[in-house]
Amino acid sequence: MIQEKELYRKVADACRWETAEAFRLQSRIHRLRWFDRSDIWVKRDDELSFGVSGTKLRKHASIIPSLKQNGIEEVVVIGGSHSNNVLSAAQTLTENNIRITPFLLGPPSQKLGNAKLFELFVDDSEIHWISRAHWSHCEDLVNNYVEKRKSLGIKIFVLPEGAHHPLALPGSLSILTDTLRNERESGVRFDHIFIDAGTGMVAQSLLAGAAALERKTIFHVVVLADTFENFKSGLSRVIQYTEAFLGVSLTSLPAYRMYYPATARSFGSTNSTIFKEIKRIARKDGILTDPVYSAKLFLTAKQAILDHALEGNILLIHSGGGLALTGFMDHPMFSAVVG
Ligand SMILES: *Cc1c(COP(=O)(O)O)cnc(C)c1O
């Protein structure tokens with residue numbers, strides 16, 4: 001077990017919180033009216049940044065200082081053409097004068113939203129497109145490229161898909177230290193916390209951090225992009241990273257449940273239920289949600305709260321990603337809902 005102060009100090013050091021240029025990782029909480037209950041709250045990680053999705057800002061907050069300290073000049077970023085992590089990295093790396101070399105699945109038949117915005121940062125000719133048929137060889141292709149660059153004396157780093165990497169751990173753990181701050185400031189202690197998972201890095205860090213503090217909360221993870229099995233193997237890796245980072249051994253995890261999305265199960269897919277929910281959340285609570293992550297989190301949380309008759313204080317983490325909505329503005333389902 002570790003004390004909260006000690007956890008805070010380690011996260012603060014890794015994210016260089018004492019410096020003026022550090023990413024600000026404090027987000028507020030407020031009550032939701034969305035569900036006609038007074039004990040459901042939302043954590044507004046979507047407010048952490050306009051361009052970088054909330055969870056990505058947390059991850060990059062510890063990755064970037066480490067890259068700078070190690071004199072990294074170039075980063076290979078791997079992911080989908082519409083990935084929030086790829087679009088986020090284009091911003092955080094460029095800002096820090098680190099060259100981004102994208103290896104992306106694609107090209108997509110149609111460039112929308114994030115993929116279009118990405119080309120503000122990187123020219124299409126600089127993207128290493130990998131077709132779906134060759135995607136399983138991505139690692140070899142990246143390794144070949146990295147060896148070539150290294151032989152030229154360039155200091156290069158590879159950022160895996162979704163930034164699931166030990167360097168992202170301290171920043172990811174900030175979701176926990178910041179939620180504890182929210183609890184202190186509001187006087188509300190959360191019995192249930194809902195979070196979405198892509199690669200699962202942030203959700204897994206939340207669980208591992210809660211284990212280190214021996215915090216008793218029930219966590220609800222909406223697994224959007226992967227299988228429960230892969231989430232659990234990612235969790236084992238993050239537990240190891242956490243043990244190394246905090247110098248503790250984690251013997252038991254807090255209680256957690258995993259869910260697949262209540263609707264539009266496959267990653268990135270949408271349907272009219274989702275667009276209706278996006279409109280409902282906007283009308284009722286004044287919050288923008290996106291169809292890939294947060295709207296599915298809200299819908300699935302609603303279902304889980306009903307199915308399991310959840311009582312007590314409930315927190316939904318809105319992880320951001322609103323820019324992805326730009327890719328759906330001309331979607332017929334969007335138009336059908338907005339009218
Ligand atoms: C990437 C992302 C997630 C998932 O983060 P992981 O750490 O990969 O699980 C959730 N929400 C949004 C908006 C994201 O961009």
Side-chain angles (χ1 to χ4, degrees), residues 1-18 22-27 29 41 43 45 48 54-63 65-66 160 162-186 188-223 228 230-258 312-317 319:
M1 182 172 166
I2 182 171
Q3 296 303 315
E4 188 189 332
K5 275 207 174 110
E6 177 74 358
L7 173 66
Y8 182 91
R9 192 185 58 74
K10 292 199 158 161
V11 170
D13 283 352
C15 298
R16 312 288 192 274
W17 279 350
E18 76 289 358
F23 291 102
R24 297 288 165 224
L25 302 179
Q26 292 199 349
S27 71
I29 57 167
W41 297 66
K43 180 165 176 61
D45 264 24
L48 289 178
T55 52
K56 303 306 181 291
L57 199 77
R58 292 194 184 279
K59 294 189 236 195
H60 295 199
S62 54
I63 294 172
S66 171
H164 199 289
H165 190 277
L167 286 184
L169 179 77
S172 300
L173 284 169
S174 73
I175 190 93
L176 177 62
T177 59
D178 200 45
T179 302
L180 296 172
R181 176 187 64 82
N182 294 140
E183 288 190 329
R184 265 195 309 279
E185 289 179 2
S186 63
V188 174
R189 193 184 156 94
F190 293 107
D191 304 294
H192 298 277
I193 298 181
F194 282 85
I195 185 167
D196 49 15
T199 63
M201 183 69 209
V202 174
Q204 290 151 1
S205 304
L206 182 62
L207 289 170
L213 296 177
E214 295 186 3
R215 161 76 194 227
K216 303 272 177 288
T217 293
I218 302 174
F219 293 93
H220 303 262
V221 183
V222 181
V223 178
F228 289 172
N230 285 343
F231 181 85
K232 282 194 252 178
S233 67
L235 178 57
S236 315
R237 277 182 285 141
V238 169
I239 286 171
Q240 287 170 14
Y241 305 161
T242 306
E243 290 180 327
F245 177 60
L246 299 178
V248 292
S249 110
L250 302 179
T251 45
S252 67
L253 278 173
Y256 74 98
R257 293 190 187 133
M258 294 177 289
N313 294 312
I314 300 174
L315 180 69
L316 272 55
I317 297 175
S319 51

For a quick test of reading the model, state the closest non-hydrogen atom pair linking [X] to [Y] and the distance between them.
X: A203; Y: V221; result: CB-CG1, 4.1 Å
X: F23; Y: H60; result: CE1-O, 4.1 Å
X: R16; Y: P65; result: CG-CB, 3.7 Å
X: L48; Y: G54; result: CD1-O, 3.9 Å
X: G200; Y: F231; result: CA-CE1, 3.9 Å
X: S205; Y: L169; result: OG-CD1, 3.6 Å

Run the numbers on I317 and L206 for side-chain contact (heavy atoms from CB on, under 4.5 Å), then give the verdict. CA-CA 11 Å; I317 297 175; L206 182 62; 4.3 Å; yes

Between the side chains of K10 and D13, is the shortest nitrogen-to-carboxylate-oxygen separation below 4.0 Å, so that they form an ion pair? no

Side chain to side chain, [X] and [Y], heavy atoms closer than 4.5 Å:
X: L180; Y: L213; answer: yes
X: T177; Y: L7; answer: yes
X: V223; Y: F228; answer: yes

Given F190, which partner from the list I218, I314, I29 fulfils the side chain to side chain contact (heavy atoms under 4.5 Å, CB included) test? I29

Okay, side chain of [X], backbone of [Y]: is any donor-acceptor separation there less than 3.5 Å?
X: S62; Y: L167; value: yes
X: S174; Y: P170; value: no
X: D191; Y: N313; value: yes
X: K59; Y: G162; value: yes

Those residues that, when tested against H165, pass ring-ring contact (aromatic ring centres under 6.0 Å, His included) (two or more places apart): F157

Rounded to the nearest 0.5 Å, how far apart are [atom1] of [X] and [atom2] of [Y]?
X: F219; Y: Q204; atom1: CZ; atom2: CD; answer: 13.0 Å
X: D45; Y: L57; atom1: CG; atom2: CG; answer: 9.0 Å
X: I2; Y: R9; atom1: CD1; atom2: CZ; answer: 8.5 Å
X: E4; Y: R184; atom1: CD; atom2: CZ; answer: 4.5 Å
X: L176; Y: Y8; atom1: CG; atom2: OH; answer: 13.0 Å

Pair listing, salt bridge (Lys or Arg N to Asp or Glu O under 4.0 Å) test, anchored in residues 210-219, at least two apart: E183-R215

Kindly determine whether V202 and S319 satisfy side-chain contact (heavy atoms from CB on, under 4.5 Å), including the steps that lead there. CA-CA 10 Å; V202 174; S319 51; over 6 Å; no

I'd like a table of donor-acceptor pairs (distance under 3.5 Å, sequence neighbours excluded) in which one partner is a side-chain atom from residues 237-248, with atom names and distances.
residue : atom : partner : partner atom : Å
T242    : OG1  : V238    : O            : 2.6
E243    : OE2  : L250    : N            : 2.7

Walk me through it: do R58 and S27 pass the test side-chain contact (heavy atoms from CB on, under 4.5 Å)? CA-CA 11 Å; R58 292 194 184 279; S27 71; 3.8 Å; yes

L315 and T217: CA distance, side-chain angles, deciding distance, side-chain contact (heavy atoms from CB on, under 4.5 Å) verdict: CA-CA 11 Å; L315 180 69; T217 293; over 6 Å; no

Counting only heavy atoms from other residues, nucleotides and ligands, does the tally under 6.0 Å from CD of Q3 exceed 12? no

Hey, what's the ring geometry for H220 with F194, parallel, tilted or perpendicular (30° and 60° as the breaks)? parallel

